[in-house]
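Not measured: the values here are computed from a predicted model. Computed from heavy atoms alone, side chains included, the values below leave out hydrogens, waters and symmetry copies.
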Amino acid sequence: MQEVQEQTTQAIAQRVTALLSGQFRIKSETIAPDVTLGKLSFDSLVLIELGLVLDKEFGVRIEDGELTEEHTLDDVVDLLVAKGAKV
């Protein structure tokens, strides 16, 4: 069971990374599990857009304010997993 959850988490992380580099044009070499969204130059408007993209991509509702500049990629993935994101 834990192995399935780890695979799900890894799959979500890969998709989030692909979204960041594709739709948001973030260089893939700057995306790392511990890099904050703020360090990737995400401001409040871009965070709202990211929430909408994640909503559509994973079928979960991201409320305004649930994503902040202090969140890391790992935090985003954990949030998506907690909300039951579909792979």
Side-chain angles (χ1 to χ4, degrees):
M1 178 81 160
Q2 186 175 1
E3 185 177 322
V4 171
Q5 188 174 16
E6 284 181 30
Q7 289 174 346
T8 299
T9 300
Q10 288 176 349
I12 290 172
Q14 289 172 347
R15 285 175 57 193
V16 170
T17 299
L19 285 171
L20 292 176
S21 62
Q23 283 193 267
F24 293 92
R25 301 187 199 286
I26 303 294
K27 293 179 183 176
S28 58
E29 60 268 11
T30 63
I31 301 170
D34 60 344
V35 172
T36 65
L37 296 174
K39 286 189 179 181
L40 297 175
S41 299
F42 279 51
D43 62 17
S44 58
L45 291 176
V46 179
L47 290 171
I48 291 170
E49 183 180 354
L50 176 60
L52 294 172
V53 169
L54 294 174
D55 236 2
K56 185 176 180 180
E57 181 73 17
F58 294 99
V60 297
R61 177 93 173 111
I62 306 291
E63 301 294 333
D64 291 346
E66 281 191 288
L67 296 175
T68 67
E69 294 174 14
E70 290 80 33
H71 278 96
T72 63
L73 176 60
D74 276 350
D75 294 333
V76 173
V77 171
D78 290 345
L79 177 64
L80 291 168
V81 169
K83 289 183 169 274
K86 305 207 181 352
V87 182

- Just by distance, do the side chain of Asp78 and the backbone of Asp75 share a donor-acceptor pair under 3.5 Å? no

- Drop me the distance from Arg61's CZ to Glu66's CD, to the nearest 0.5 angstrom. 8.5 Å

- Is Arg15 reaching over with its side chain to a backbone N or O of Glu57, donor-acceptor style, under 3.5 angstrom? yes

- Task: With the side chain counted from C-beta on, respond yes when Asp34 and Asp74 share a heavy-atom pair under 4.5 Å apart, and no when they do not.
- Result: no

- Note on the structure: The reported gap from OG in Ser44 to CD in Glu49 (rounded to nearest 0.5 angstrom) is 12.0 Å

- Message: Could you measure the distance from the CD1 atom of Ile31 to the CG atom of Leu20? Nearest 0.5 Å is fine.
- Response: 4.5 Å

- Item | In one Ile/Leu/Val/Met/Phe/Trp/Tyr side-chain cluster, 4.5 Å: Val87, Val81 | yes

- Query: Which residue, Thr36, Ile48, Leu67, Ile26, forms the side chain to side chain contact (heavy atoms under 4.5 Å, CB included) with Phe42?
  - Reply: Ile26

- Looking at OG1 of Thr8 and CD of Glu6, how far apart are the two atoms once the value is rounded to the nearest 0.5 Å? 10.0 Å

- Message: Could you report the tightest heavy-atom contact between Val76 and His71, atom names first, then the distance?
- Response: CG2-CB, 4.4 Å

- Message: Distance check, rounded to the nearest 0.5 Å: Lys39 atom NZ versus Thr30 atom OG1?
- Response: 11.5 Å

- Task: State, with a plain yes or no, whether a side-chain heavy atom of Leu54 is found less than 4.5 Å away from one of Leu19.
- Result: yes

- Query: Of the non-hydrogen atoms in Ala85 and Ile12, which two are nearest, and what is the gap between them?
  - Reply: CB-CD1, 3.8 Å

